[in-house]
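Here's the structure we're looking at; comments come further down.
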Amino acid sequence: MSSAPFVRIAELPAHAGQQVVIRGWVTHVRSSGKIAFAVIRDGTGTCQTVFVKTQLPTEVWERFSQLTTETSVAIEGEARAEPRAPGGFEIGVTSLAIIGPSPIDYPIQPKEHGIDFLLDNRHFWLRSPRQRAIAVIRSEIEQAIHDFFYERGFLRVDTPILTAAIGERSGLFATEYFDEGNAYLAQTGQLYGEAAAAAFGKIYTFGPTFRAEKSKTRRHLTEFWMIEPEVAWNDSAANMVLQEDFVAYLVQRVLERRAPELAELERDVTKLQAVKVPFVRLDYAEAVAIVQRKGSATVWGDDLGAEDEALIVADYDRPVFVMNYPKEAKAFYMKENPDDPRTVLCNDCLAPEGYGEIIGGSQREDDYDKLLARITAEGLPLDAYNWYLDLRRYGTFTHAGFGLGLERTVAWICGLQHIREVIAFPRMMHRLRP
RNA sequence: UCCCCAGUAGCUCAGUUGGUUAGAGCAUUCGACUGUUAAUCGAAGGGUCGUAGGUUCAAGUCCUACCUGGGGAGCCA
């Protein structure tokens, strides 16, 4: 290797005609007697490199035969435009250094594999172009989330991951915690978010969430990331306006900045372009009537099942809010609906194309006596909720918030079948490694 | 926890009403090829058919149990 500059593959067009060094991994090789090709990936892109026997020192030509899939290399040569090369750019090799050899049994091949095999090899699967596209879009969405709230004056608050039993009733991961008994991995940061909203006004959380549910579906993970805004003085209607502005902002951001990655995933972007405010608003009772008309056995009082959600969403090209569920179907902290005390002021947001619930939100019960009654009625341990009740004793306030499931949102925007492709190392009931 | 489905080569799969020596593609190894695009062409190696029983002259194939995984329900984001 000479002193030629080290260049990332994405930057090669700016170095046309120059001698450069690239570093990366061999994705595949082709040999045709006295001319040979190695395709190199470096995370910013891929580039074909060309080895010509008659123009290379013998040892460089012979070293080519040591290149197996995923060998890491440094390659020096001339960067040049070449219409025959994929992407229109290539490197005419003058020197090759093998950094790390790769045995011939590298498991992932350029062909179809089953999801289970790929997840066993997730540490390698991430190297594929498709997985890179997903990771890039996820990262773009995460950045857009922070930008959205920053632009609107929200404070980001980080809530605890180790908690006493609090929040939702579904499965908890427990661990010993010194002399305090069991600690549980957080299922939500919401209750802490409410305390923060009383302190700071507009806040959001962005953190991991844990559910020990034995769910085996393409929509569930045991560890996922959730974004939970909480806004003082927002009622349920304002809460939904915030939600639709938020979701539309995320979709628009990906359309604007990550078109190549959407194309890599062969995403039908017309479906995303249709995601405009206002979203559809259906009262729970209307939703029940719709699914009954379509043959569902659901009656007033039931929670809506996955099939019901699909029936509702089928009629629309944009997300749908289903509002004001029966009290019994929802969590204790949701505010009783003054217009119909059988229901609470809440909403789910159902993504189009059958992706299901990406948001659950509500106005929070701010009446001390009613909240206490709900906690008691559900048999929750009162001592764990004293501080939460204090928020209603000392300057109670109208407030509302919601939780957006990051992986479900990314899976929908990417158009993926499996939520587990959306996170680098998914955690599921039967998968703790890699 | 419940319902449905699957398990055959490193990977993806085929294997007929049970029938004699277990099939393909890809991958790997060797050979040919000076512009390949998941290169192509020729040859070779590669198997406890998930496990354990059972039925039968004969089981990858049929039956039972178990194991492992997938999809869905429930629960939720």
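Here is the naming used below: chain letters follow the sequence lines, and residue numbers restart at 1 for every chain.
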Looking at every strand, decide which applies to [X] at a 4.0 Å heavy-atom threshold: base, sugar-phosphate, or nothing.
X: Glu82(A); result: base
X: Thr69(A); result: nothing
X: Ala306(A); result: sugar-phosphate
X: Phe224(A); result: base
X: Thr209(A); result: nothing
X: Lys214(A); result: base
X: His430(A); result: sugar-phosphate
X: Gln48(A); result: base

Same-atom distance ([atom1]) from [N] to [M], integer angstrom:
N: G60(B); M: G54(B); atom1: P; result: 15 Å
N: G25(B); M: C2(B); atom1: P; result: 44 Å
N: U48(B); M: U8(B); atom1: P; result: 12 Å
N: C11(B); M: U28(B); atom1: P; result: 15 Å
N: G47(B); M: A14(B); atom1: C1'; result: 15 Å
N: C5(B); M: C66(B); atom1: P; result: 16 Å
N: U40(B); M: A77(B); atom1: P; result: 49 Å
N: U61(B); M: G72(B); atom1: C1'; result: 28 Å

In whole angstroms, how far is the [atom2] atom of [N] from the [atom1] atom of [X]?
X: Leu56(A); N: U34(B); atom1: CG; atom2: P; value: 15 Å
X: Ile104(A); N: U29(B); atom1: CD1; atom2: C1'; value: 8 Å
X: Asp308(A); N: C76(B); atom1: CG; atom2: P; value: 14 Å
X: Arg431(A); N: G69(B); atom1: CZ; atom2: P; value: 9 Å
X: Met429(A); N: A73(B); atom1: CE; atom2: C1'; value: 13 Å
X: Lys330(A); N: C76(B); atom1: NZ; atom2: P; value: 7 Å
X: Leu404(A); N: C76(B); atom1: CG; atom2: P; value: 18 Å
X: Ile108(A); N: C26(B); atom1: CD1; atom2: P; value: 20 Å

### Message
Restricting to non-hydrogen atoms, name the atom on Gly43(A) and the atom on Arg132(A) that form the minimum distance, rounded to 0.1 Å.
### Response
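The pair with the smallest heavy-atom distance is O-NE, 2.7 Å.
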
### Task
Kindly indicate, with the supporting measurements, whether the criterion salt bridge (charged side-chain N to carboxylate O under 4.0 Å, His left out) is fulfilled by Arg374(A) and Glu365(A).
CA-CA 10 Å; Arg374(A) 284 297 301 273; Glu365(A) 183 56 76; over 6 Å; no

Using Watson-Crick or G-U wobble geometry with both distances below 3.5 Å, tell me the partner of [N], or none.
N: A73(B); answer: U1(B)
N: U28(B); answer: A44(B)
N: G23(B); answer: C13(B)
N: U34(B); answer: none
N: C49(B); answer: none
N: U68(B); answer: A6(B)
N: C62(B); answer: G54(B)

### Query
Hey, would you say the Phe149(A) and Phe246(A) ring centroids sit under 6.0 Å apart?
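Yes, the ring of Phe149(A) comes within the 6.0 Å limit of the ring of Phe246(A), centre to centre.
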
### Task
Establish whether the base of C76(B) is bridged to the side chain of Arg408(A) by a donor-acceptor pair shorter than 3.5 Å.
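Per atom types, the contact qualifies.
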
### Query
For the side chain of Glu90(A) and the base of G35(B), is some donor closer than 3.5 Å to an acceptor across the two?
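A donor-acceptor contact between them is present.
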
Check this one for me: any side-chain N or O of [X] less than 4.0 Å away from OP1 or OP2 of [N]?
X: His113(A); N: C26(B); answer: no
X: Arg30(A); N: U34(B); answer: no
X: Arg219(A); N: C76(B); answer: no

### Message
Check this for me: does any side-chain nitrogen of one of Glu70(A) and Arg127(A) sit under 4.0 Å from a carboxylate oxygen of the other?
### Response
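Counted as a salt bridge, because a side-chain N and a carboxylate O are separated by less than 4.0 Å.
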
### Query
Would Glu261(A) and Arg267(A) pass as an ion pair if we require N to O under 4.0 Å?
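Salt bridge: no.
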
#### Entry: 5' precedence on RNA chain B between Leu304(A) and Thr54(A) (nearest-nucleotide basis)
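Taking each residue's closest nucleotide, the earlier one in sequence belongs to Thr54(A).
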
### Task
Hey, which sits more toward the 5' end of RNA chain B by its nearest nucleotide, His28(A) or Glu309(A)?
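On the 5' side of the pair lies His28(A).
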
### Message
Can a donor-acceptor pair be found, under 3.5 Å and without considering hydrogens, that links the side chain of Asp42(A) to the backbone of Ile9(A)?
### Response
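Confirmed, Asp42(A) side chain pairs with Ile9(A) backbone.
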
#### Entry: Interface residues of residues 344-360 of chain A with RNA chain B (non-hydrogen, below 4.0 angstrom)
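Heavy-atom contacts with RNA chain B come from Glu357(A), Ile358(A), Ile359(A), Gly360(A).
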
#### Entry: Nearest-neighbour nucleotide for the Thr217(A) side chain, G35(B), G72(B), C76(B) considered
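Out of G35(B), G72(B), C76(B), the nucleotide with an atom closest to Thr217(A)'s side chain is G72(B).
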
#### Entry: Closest listed nucleotide, where the reference is the side chain of Arg211(A) and the choices are U34(B), G71(B), C76(B)
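Side chain of Arg211(A) sits closest to C76(B).
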
### Task
Please indicate yes or no: is the ring centre of Phe37(A) less than 5.5 Å from the centre of the six-membered base ring of G35(B), with the two planes inclined by under 30 degrees?
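Base of G35(B): not stacked against Phe37(A).
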
### Query
When the ring planes of Phe210(A) and Phe173(A) are compared, do they come out parallel, tilted or perpendicular, using 30° and 60° as the limits?
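Judged by the thresholds at 30° and 60°, the geometry between Phe210(A) and Phe173(A) is perpendicular.
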
### Ring geometry between Trp61(A) and Phe64(A) (parallel below 30°, tilted from 30 to 60°, perpendicular above 60°)
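Phe64(A) vs Trp61(A) ring planes: parallel.
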
### Task
Would you mind telling me which of Gln363(A), Glu194(A), Lys335(A) makes a side chain to side chain donor-acceptor pair (under 3.5 Å) with His399(A)?
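The single option meeting the side chain to side chain donor-acceptor pair (under 3.5 Å) with His399(A) is Glu194(A).
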
### Glu307(A), CD atom: more than 12 neighbouring heavy atoms under 6.0 Å
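No - once you tally the heavy atoms of other residues, nucleotides and ligands closer than 6.0 Å, there are 12 at most.
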
### Query
For Trp300(A), is the NZ or CZ atom of Arg342(A) found under 6.0 angstrom from the centre of its six-membered ring and inside 45 degrees of the ring axis?
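Because its charged atom sits under 6.0 Å from the ring centre and within 45° of the axis, Arg342(A) does stack over Trp300(A).
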
